[in-house]
Amino acid sequence: MSTEQNLITTPITADFLRGHLDVEETAQGLLPHRLPARARRQIPDDLLTVAEAQPSGVRLAFRTSATTIRLDTLPTKRVYRGFPSPPDGVYDLLVDGRLTAQATVAGGNLRTITDMRTQTAEFTPGPVGTAHFTDLPAGEKDIEIWLPHAEITEVIALRTDVPVEPAPKTGRRVWLHHGSSISHGSNAVFPSTIWPALAASAGDVELINLGFGGSALVDPFTARAIRDTPADLISLKLGINVVNSDAMRLRAFAPAVHGFLDTIREGHPATPLLLVSPVLCPTHENTPGPLMPDLSEGTLKFKATGDPAETAAGRLTLTIVRDVLADIVRQRSAEDPNLHYLDGLDLYGQSDHDEIPLPDAIHPGPEGHRRIGENFAELVFAGNGPFAVTTG
């Protein structure tokens, strides 16, 4: 039986990481980022600064015959003043692609949100902690440890009972997905069961997840990051954040999406590119933003505060956004046969909502993530889907 004294310590380098676009060396170790440094310098608010540093879809990948693994990390946890602290983020350990063990890390830094509307926060430093995994299957195996999708995580070292080495490249196609908080994993419990992770597993692809909570706002720096990132498949799930932040009117939205696509095509001229419209969200189907927290029932939910009558003046709703996105793909697809459209209502529509409602009126829970992931895999990766493997 291994003891802490005889475990082998392996510092984590970028070779151990998957699903990130950049790494930052910190005083403790490495902080994975999901946007490159150039893009991060252009971020205008703390919302995206935090979201891109939360490692949704980022995992350690290594090969070993170890049966005992310790992962030292420094998490930064987010709490809202006046609300109970959320549970610690979960680390999912997969052996040869199968979820085998889970752990949490106590302690860490604390980021206390003092104003939900402005995201003003107070920072309290904390100690490094350890995720413990024991009694793993014997023999040589490929290990992935998926980092908590909503907890900034500095990775420091692996401690194991036998040596480890970075996993070799799998040769699978790389799927880069960009979206909002649902793609980020809001209300999912485990990092390997956010809907993009489930769809990636079903599609047998390597995931790069650029789902950013509250921040899929058709930002040019995000388009440039996608343009410059090697990928075999690209999907963009746009619209909900533009509506719920009331960030654009109709006149600005359509050209912004065209420009976003133009930029991506500079680096990926023929890559299969899928534009996905928002899933069903009754809160915003016919009511513009901005979105505001609603505590009237004693739990955190959200409500739209815009005036539906102002859609005549160009304010956006999800119904309008879906029409705009579908029309953009119709316009461009004659000259871009690798551009495709997927109606978000086919991923999660009225019948899905009737069966699996949105717990906070905006985000799906774990079963909703599973439903969206299964539908995406069936519609996109299988059969005649735009990301299906072609033969001949």
Side-chain angles (χ1 to χ4, degrees), residues 7-40 52-76 89 91-101 103 105 128-133 136-137 139-149 151-177 191-192 196-197 200-201 204-210 225-226 228-233:
L7 292 179
I8 300 166
T9 298
T10 303
I12 294 173
T13 62
D15 291 341
F16 283 95
L17 293 169
R18 301 285 187 273
H20 63 297
L21 296 193
D22 196 9
V23 292
E24 176 186 353
E25 292 189 10
T26 69
Q28 301 286 354
L30 289 182
L31 175 62
H33 285 282
R34 294 185 296 130
L35 282 175
R38 179 188 177 197
R40 299 198 303 274
E52 72 82 26
Q54 293 175 333
S56 180
V58 178
R59 59 268 182 210
L60 278 70
F62 53 95
R63 179 166 287 177
T64 185
S65 57
T67 59
T68 296
I69 296 175
R70 306 279 190 260
L71 174 62
D72 296 331
T73 71
L74 178 60
T76 296
Y91 296 71
D92 284 350
L93 185 145
L94 280 63
V95 175
D96 296 330
R98 295 191 177 187
L99 181 61
T100 302
V105 172
V128 170
T130 303
H132 299 263
F133 303 98
L136 299 176
E140 191 81 3
K141 50 193 171 288
D142 287 321
I143 299 285
E144 288 185 341
I145 300 178
W146 288 64
L147 303 176
H149 55 285
E151 207 170 81
I152 295 174
T153 305
E154 297 175 50
V155 288
I156 298 166
L158 285 165
R159 291 181 286 125
T160 55
D161 52 350
V162 299
V164 303
E165 61 182 18
K169 300 295 184 182
T170 65
R172 292 194 289 262
R173 296 179 299 165
V174 174
W175 168 39
L176 188 155
H177 174 71
S192 66
S201 178
D204 193 30
V205 295
E206 291 285 336
L207 173 66
I208 298 174
N209 183 26
L210 304 187
I226 297 170
D228 298 338
T229 300
D232 301 296
L233 311 161

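Worth saying up front: this structure is predicted, and the values here are computed from it rather than measured. Residue indices begin at 1 and follow the sequence shown. Hydrogens, waters and symmetry mates play no part in the numbers below; they use all other heavy atoms, side chains included.
The heavy-atom pair separating L176 from A231 by the smallest distance is CB-CB, 4.0 Å. When every heavy atom of P137 is checked against every heavy atom of T100, the shortest pair comes out as CD-CG2, 4.2 Å. For I12 against L30, the heavy-atom pair with the smallest separation is O-CD1, 3.3 Å. Across T153 and P148, no two heavy atoms sit closer than the pair OG1-CD, 4.0 Å. The two residues L136 and A66 come nearest to each other via the heavy atoms CB-O, 4.1 Å. Residues H132 and T130 share a closest heavy-atom pair of CD2-O, 3.4 Å.
For the pair R40 (side chain) and L35 (backbone), a donor-acceptor distance under 3.5 Å is present. Side-chain N or O atoms of T160 include none that pairs as donor or acceptor with a backbone N or O of P163 at under 3.5 Å. Looking at D161, its side chain never comes within 3.5 Å of a backbone N or O of L7 through a donor-acceptor pair. Using a distance-only test at 3.5 Å, with no hydrogens or angles considered, a donor-acceptor pair links the side chain of E151 to the main chain of G89. Side-chain atoms of D22 come within 3.5 Å of backbone N or O of A37 as a donor-acceptor pair. A donor-acceptor pair under 3.5 Å links the side-chain atoms of T229 to the main chain of A225, judged by distance alone. Using modelled atom types, one side-chain atom of R18 and one backbone atom of A167 make a donor-acceptor pair closer than 3.5 Å.
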- Message: Checking L147 against V155 for the side chain to side chain contact (heavy atoms under 4.5 Å, CB included) test, could you report, in this order, the C-alpha distance in whole Å, the side-chain angles of both residues, the deciding distance, and whether it holds?
- Response: CA-CA 9 Å; L147 303 176; V155 288; 3.9 Å; yes
- Check step by step if side chain to side chain contact (heavy atoms under 4.5 Å, CB included) holds for V95 and R98. CA-CA 5 Å; V95 175; R98 295 191 177 187; 5.7 Å; no
- Task: Let me see the working for W146 and L93 under side chain to side chain contact (heavy atoms under 4.5 Å, CB included), right down to the final yes or no.
- Result: CA-CA 6 Å; W146 288 64; L93 185 145; over 6 Å; no
- Message: Before you tell me yes or no, could you show the steps for V164 and F16 under side chain to side chain contact (heavy atoms under 4.5 Å, CB included), namely the whole-Å CA-CA distance, both residues' side-chain angles and the distance that decides it to 0.1 Å?
- Response: CA-CA 10 Å; V164 303; F16 283 95; 4.0 Å; yes
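Residues H33 and E52 bring a donor and an acceptor atom of their side chains to less than 3.5 Å of each other.
T170 contributes atom OG1, which lies 8.5 Å from atom CD of E144 (distance to the nearest 0.5 angstrom). Rounding to the nearest 0.5 Å places CD of E25 at 10.5 Å from OG1 of T13. Within the model, atoms OG1 of T64 and CG of D142 stand 10.0 Å from one another, a figure rounded to the nearest 0.5 Å. Rounding to the nearest 0.5 Å gives a distance of 14.0 Å between CZ of F62 and CG of D15. Atoms CD1 and CD1, from I208 and I226 in turn, are 10.0 Å apart once rounded to the nearest 0.5 Å.
Residues I143 and F133 form no side-chain contact, since every pair of their non-hydrogen atoms from C-beta on lies 4.5 Å or further apart. Side-chain contact between Y91 and T73 is present, with at least one heavy-atom pair separated by less than 4.5 Å. Within the 4.5 Å cutoff, side-chain heavy atoms of L31 are placed close to those of I152. You'll find the side chain of W175 reaches within 4.5 Å of the side chain of P196, heavy atoms only. Here the side chains of L158 and L60 are in contact, with some heavy-atom distance below 4.5 Å. A 4.5 Å side-chain heavy-atom check between V128 and Q28 finds at least one atom pair inside the cut-off. Two residues are said to be in side-chain contact when any heavy atoms from C-beta on lie closer than 4.5 Å; L21 and L210 meet this criterion. Between S56 and R34 there is a side-chain heavy-atom pair separated by less than 4.5 Å.
Not counting sequence neighbours, the partners of L99 by the side-chain contact (heavy atoms from CB on, under 4.5 Å) test are D92, L94, Q102, S192.
Between E206 and R59 there is a salt bridge, with a side-chain nitrogen of the basic residue lying less than 4.0 Å from a carboxylate oxygen of the acidic one. Ion pairing of K141 with D96 is absent here, as no side-chain N (NZ or NE/NH1/NH2) approaches a carboxylate O to less than 4.0 Å.
E140 CD: more than 12 foreign heavy atoms inside a 6.0 Å radius.
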